[in-house]
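Data block below; observations after.
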2 protein chains.
Amino acid sequence: MIRDSRLSGVLHGLLHMIGAGEPVTSEQLAQAMATNPVVVRRVMAGLREQGLVRSEKGHGGGWTLARDPADITLADIYRAVGAPTIVAMGHRSENPGCLVEQAVNDALSGTFREVEAIFLKRLGAVTLDALAKDFKRRLAKHKQSLEDQIHAAK
Amino acid sequence: MIRDSRLSGVLHGLLHMIGAGEPVTSEQLAQAMATNPVVVRRVMAGLREQGLVRSEKGHGGGWTLARDPADITLADIYRAVGAPTIVAMGHRSENPGCLVEQAVNDALSGTFREVEAIFLKRLGAVTLDALAKDFKRRLAKHKQSLEDQIHAAK
DNA sequence: TATCATGTAACTTCATATGTTACATGATGG
DNA sequence: CCATCATGTAACATATGAAGTTACATGATA
């Protein structure tokens with residue numbers, strides 16, 4: 001099963017934008033996300049429609065965050081990228097006449113829906129700011145680790 | 001996103017097998033599942049490898065359950081059909097060098113794994129027998145409903 | 001031995017995220 | 001005003017994998 005990576009990709013891009021402090025072009029984001037500028041625009045367009053980011057044309061243009069990252073949850077971003085399918089399984093058909101199918105569908109649908117609700121709840125509990133801070137912690141740790149190596153080599 | 005319907009389809013087929021009491025051919029199962037006999041054999045082959053069903057060739061042959069449906073959970077069946085992808089989303093790439101990517105992947109992976117665990121736990125709590133009984137309840141209710149209509153029409 | 005059924009390889013089909021090319025639109029700086 | 005830079009978007013190509021299909025081999029039964 002091909003897995004949709006739009007949420008993953010756009011989060012990557014947003015963290016870059018937070019770190020930049022100035023408009024970031026699709027070209028730069030594409031390089032960071034190892035993809036194509038058009039793909040970036042395509043997915044970012046959804047975020048813009050939801051008022052999460054802004055885009056500016058021309059010199060010095062590019063993408064900027066439109067809202068406080070502390071007020072944006074991963075669930076907001078998930079919806080903004082088009083609310084991709086969460087559960088990769090589905091029903092063979094939706095024939096309401098077959099009682100066997102009804103029993104099977106109900107049993108699976110209940111689980112599917114529960115899983116989707118939990119997924120969205122979890123995403124809703126994480127803000128973009130929290131993710132950015134997590135990244136900064138990793139960065140600090142990484143730098144510390146590098147310095148330790150330098151000192152150890154003296 | 002195309003959703004994998006093997007689990008749904010095979011459950012449908014298994015309920016038919018339970019109701020039949022004698023070997024059911026791929027042809028019959030295919031008709032019930034609105035698909036092709038080869039597709040049925042393909043997916044049933046996984047169940048056979050796990051010892052959940054048996055197949056017999058020749059006259060009077062077909063598919064039969066190999067174990068007590070009360071001892072088979074939907075999780076067993078899920079695994080037997082090849083453990084299809086549960087979460088339809090994934091990471092854009094697995095570049096361990098990029099700290100941004102690490103932060104994003106960890107945040108999403110945690111949620112993905114939690115969701116998958118819950119999914120399997122739920123499937124593991126439902127036996128094939130329970131599903132069959134649920135179907136029988138629906139059938140009885142349906143029959144009752146039909147009779148009521150006949151009586152009301154008198 | 002004819003028939004029935006599974007076993008399996010080797011296709012085709014289909015949906016859809018992703019990648020790419022091409023060109024239009026609009027903003028900035030000279 | 002015009003060259004440049006950037007987004008906006010349509011149109012098409014590519015890739016993946018489930019599902020569907022065809023063809024034929026294998027084996028069991030009557």
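Every chain is numbered from 1, with letters handed out A, B, ... down the list of sequences.
Applying the 4.0 Å criterion to OP1 and OP2 of C/dG19, one finds that B/R92 has a side-chain N or O inside that range. Distances shown here put every side-chain N or O of A/T25 at or beyond 4.0 Å from the OP1 or OP2 atom of D/dC5. Between A/S55 and D/dG8, a side-chain N or O to OP1/OP2 separation shorter than 4.0 Å is present. A/R3 has no side-chain polar atom (N or O) that falls below the 4.0 Å cut-off from OP1 or OP2 of C/dA17.
In this entry the distance linking CZ of B/R41 with P of C/dA5 reads 10 Å, nearest Å. Per the geometry, CG belonging to A/D4 stands 11 Å off P belonging to C/dG19, to the nearest Å. Rounded to whole Å, the distance from CE on A/M44 to P on C/dT18 is 14 Å. What separates CD of A/E56 from P of D/dG8 is a distance of 10 Å, to the nearest Å. Between the CG atom of B/N36 and the P atom of C/dT8 there is a distance of 16 Å, given to the nearest Å. In this structure, CD of A/E27 is placed 15 Å from P of D/dG8, rounded to the nearest angstrom. Per the geometry, CG belonging to A/L29 stands 12 Å off C1' belonging to D/dA6, to the nearest Å. Residue B/H59 contributes atom NE2, which lies 13 Å from atom C1' of C/dT6 at whole-angstrom precision.
One N or O donor and one acceptor, one from the side chain of A/K57 and one from the base of C/dT25, sit under 3.5 Å apart. At a cut-off of 3.5 angstrom, the base of C/dG19 holds at least one donor-acceptor pair with the side chain of A/R42.
A donor atom on one side chain and an acceptor atom on the other are found under 3.5 Å apart for A/S55 and A/R48. Neither side chain, B/D148 nor B/S145, offers a donor N or O lying under 3.5 Å from an acceptor on the other. For the residue pair B/H16 and B/Q28, no side-chain donor N or O sits within less than 3.5 Å of a side-chain acceptor on the partner.
Using a 4.0 Å heavy-atom cutoff across all strands shown, A/R54 reaches no nucleic acid atom at all. Residue-level contact check: B/G62 touches the backbone only, with heavy atoms under 4.0 Å from sugar-phosphate atoms and none from bases.
The listed nucleotides are D/dG8, C/dG19, C/dC4; the one nearest the side chain of A/V39 is C/dG19. Considering only the side chain of B/R6, D/dA18 comes nearest among D/dA18, C/dG7, C/dT20.
Proximity of a side-chain donor or acceptor of B/D76 to a complementary backbone N or O of B/T73 within less than 3.5 Å is detected.
Under the side-chain contact (heavy atoms from CB on, under 4.5 Å) test applied with B/L65, the options B/L128, B/V24, B/L52 reduce to a single match, B/L128.
With the nearest nucleotide of DNA chain D identified for both A/I2 and A/V24, A/V24 has the one nearer the 5' end. If A/G61 and A/V38 are placed on DNA chain D by their nearest nucleotide, the residue sitting closer to the 5' end is A/G61.
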